[in-house]
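Everything numeric here is computed off the predicted structure, so don't read it as measured data.
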Amino acid sequence: MSARQAEEEPAAAHPPLPRLLSAFFYGTCSFLIVLVNKTVLTTYRFPSPMVLGIGQMATTILILYVSKLNKIVHFPDFDKSILMKLFPLPLLYVGNHISGLTSTSKLSLPMFTVLRKFTIPLTLLLEIIILGKRYSLGIIVSIFTIILGAFIAAGSDLSFNLEGYIFVLLNDIFTAANGVYTKQKMDPKELGKYGVLFYNAYFMVIPTMIISFSTGDLQQVTDFKHWTNFLFLFQFLLSCFMGFLLMYSTVLCSHYNSALTTSVVGAIKNISIAYIGMLVGGDYIFSILNFIGLNIWYCITIFCQPYI
């Protein structure tokens with residue numbers, strides 16, 4: 001059996017229903033968390049995407065640890081070899097987390113969702129290099145047609161924010177690498193999907209807190225005026241819980257499908273987010289060229305989706 005066949009066999013071995021349901025679950029979680037994060041970071045102007053990320057990591061650790069104690073899930077106990085087994089996933093995990101939250105706070109939702117599509121060709125490239133996969137010409141053409149639509153929309157963005165663009169493109173790189181390496185590391189004989197989730201958060205929550213403290217983020221969060229606002233507090237806690245669900249659904253979708261499928265399954269979901277984002281958040285600046293570019297991208301995405 002070739003290396004490529006060995007990589008493809010696990011995904012192909014899963015029946016269609018779990019593959020479909022895991023993809024739907026991931027798309028739903030991804031849709032909801034973008035809206036919640038946007039409200040927390042933009043509407044309420046929460047000062048630190050990094051601290052929000054810490055909250056999501058802490059929630060993941062707590063839920064999985066309690067579930068392990070109650071024998072709901074199983075993953076290996078800590079030993080010094082686990083970090084080496086996971087590397088470089090913890091670094092990719094925290095990079096993906098922080099860059100995603102930061103770019104959400106700095107870009108309008110329509111442009112955020114469009115620019116996130118650059119994850120797809122990066123995932124395609126990394127799967128070919130790292131996992132040895134091969135894809136048909138039709139899939140490759142479909143993916144790069146979607147990216148063409150993204151260039152049209154981005155070229156006419158009146159709310160252009162250089163920092164936001166840098167962070168969202170970093171997020172694309174981290175997301176692609178995180179998805180591919182998660183697929184590679186998720187051996188049930190080693191850590192399994194729950195072990196990957198738990199130890200990613202476990203290894204990075206303390207370093208992230210140290211960075212947050214040293215940059216003054218924690219002080220800004222301590223002084224934040226909305227901690228007594230019930231609606232804000234509810235959405236902050238909901239974001240923390242949704243962060244866990246998103247990470248779990250990502251791993252689940254990668255387990256039953258491929259990393260590329262996980263990258264492209266959000267394309268239809270992103271169309272809804274982008275249209276909602278024109279009304280929510282207050283940071284989308286309308287221009288006829290940008291609106292046309294966005295709609296070209298939506299139509300291209302819908303047309304190409306069956307071929308990916």
Side-chain angles (χ1 to χ4, degrees), residues 33-34 36-66 68 78-80 82-107 112 161-175 177-178 181-182 195-248 250 281 283:
I33 195 171
V34 170
V36 174
N37 285 345
K38 188 66 178 174
T39 302
V40 170
L41 293 168
T42 301
T43 304
Y44 288 102
R45 299 188 181 279
F46 187 71
S48 176
M50 192 177 299
V51 172
L52 184 58
I54 291 169
Q56 294 176 355
M57 290 182 224
T59 302
T60 298
I61 294 169
L62 179 63
I63 290 174
L64 288 177
Y65 184 70
V66 171
K68 178 179 168 65
F78 175 78
D79 69 67
K80 60 184 179 182
I82 286 179
L83 182 58
M84 292 308 299
K85 290 177 182 176
L86 266 183
F87 190 82
L89 262 184
L91 296 177
L92 297 174
Y93 164 83
V94 75
N96 183 35
H97 224 62
I98 303 306
S99 61
L101 289 168
T102 304
S103 55
T104 300
S105 69
K106 295 185 178 297
L107 292 173
F112 173 79
N161 181 313
L162 179 60
E163 189 177 0
Y165 270 56
I166 290 171
F167 273 106
V168 79
L169 293 175
L170 283 173
N171 188 222
D172 291 339
I173 294 169
F174 283 125
T175 300
N178 187 68
Y181 276 104
T182 296
V196 167
L197 275 175
F198 180 83
Y199 286 111
N200 267 341
Y202 178 82
F203 284 126
M204 295 312 300
V205 67
I206 298 300
T208 309
M209 288 181 67
I210 293 171
I211 294 171
S212 180
F213 177 78
S214 63
T215 57
D217 270 23
L218 282 178
Q219 184 60 47
Q220 292 183 57
V221 169
T222 302
D223 297 336
F224 186 58
K225 63 182 181 180
H226 286 298
W227 285 120
T228 55
N229 183 326
F230 173 78
L231 284 177
F232 165 77
L233 195 59
F234 171 76
Q235 290 178 83
F236 180 88
L237 294 175
L238 181 61
S239 174
C240 292
F241 179 67
M242 287 301 303
F244 161 72
L245 283 185
L246 177 64
M247 287 181 276
Y248 175 67
T250 302
D283 51 0

Is any side-chain heavy atom of L245 closer than 4.5 Å to one of F241? yes
Output the distance between atom NZ (K225) and atom CZ (R45), rounded to the nearest 0.5 Å. 9.0 Å
May I have the step-by-step check of side chain to side chain contact (heavy atoms under 4.5 Å, CB included) for T43 and K38, ending in yes or no? CA-CA 7 Å; T43 304; K38 188 66 178 174; 6.0 Å; no
Grab the two heavy atoms, one from L218 and one from M209, that are nearest each other, plus how far apart they are. CD1-O, 4.1 Å
Run the numbers on I98 and F167 for side chain to side chain contact (heavy atoms under 4.5 Å, CB included), then give the verdict. CA-CA 9 Å; I98 303 306; F167 273 106; 5.6 Å; no
One should read off an interatomic distance between I63 CD1 and L197 CG, to the nearest 0.5 angstrom, of 10.5 Å
With T60, the side-chain contact (heavy atoms from CB on, under 4.5 Å) member among F244, Y248, F198: F244
Say whether, by atom type as modelled, one donor and one acceptor occur between the side chain of T175 and the main chain of N171 under 3.5 angstrom. yes
Can you check whether P90 reaches Y199 side chain to side chain, under 4.5 Å on heavy atoms? no
Which heavy atom in M204 sits nearest to a heavy atom in V94, and how many Å separate them? CE-CG1, 3.5 Å
So, for T208 and M57, which heavy atoms are closest and what is the spacing to 0.1 Å? OG1-CE, 3.8 Å
Just by modelled atom types, is the S48 backbone N or O under 3.5 Å from a matching donor or acceptor in the D217 side chain? no
Donor-acceptor under 3.5 Å (T215 side chain, S212 main chain): yes
For the pair H226 and Y44, name the ring-plane relationship: parallel under 30°, tilted 30 to 60°, perpendicular over 60°. perpendicular
Quick one: which of V51, L41, V40, N96 gives a side-chain contact (heavy atoms from CB on, under 4.5 Å) with L101? L41
Looking only at heavy atoms, what is the nearest atom pair of A201 and Y93, with distance? CB-OH, 3.6 Å
Please walk me through it: do F87 and L91 pass side chain to side chain contact (heavy atoms under 4.5 Å, CB included)? CA-CA 8 Å; F87 190 82; L91 296 177; 3.7 Å; yes
Might you work through the side chain to side chain contact (heavy atoms under 4.5 Å, CB included) test for L89 and F203, ending with a clear yes or no? CA-CA 10 Å; L89 262 184; F203 284 126; over 6 Å; no
Taking the side chain as everything from C-beta on, heavy atoms only, tell me whether F46 gets closer than 4.5 Å to V221. yes
Say you draw a straight line from NZ of K80 to CG of L83; how long is it, rounded to the nearest 0.5 Å? 12.5 Å
May I ask you to decide if the ring planes of Y202 and F78 are parallel, tilted or perpendicular, using 30° and 60° as cut-offs? tilted
T59 and C240: which non-hydrogen atoms are nearest, and at how many Å? OG1-CB, 3.3 Å
What orientation do F232 and F236 show, parallel under 30°, tilted 30 to 60°, or perpendicular over 60°? tilted
Distance-minimising heavy-atom pair for S239 and N37: OG-OD1, 2.5 Å
Side-chain donor/acceptor of S103 to backbone N/O of G100, under 3.5 Å: yes
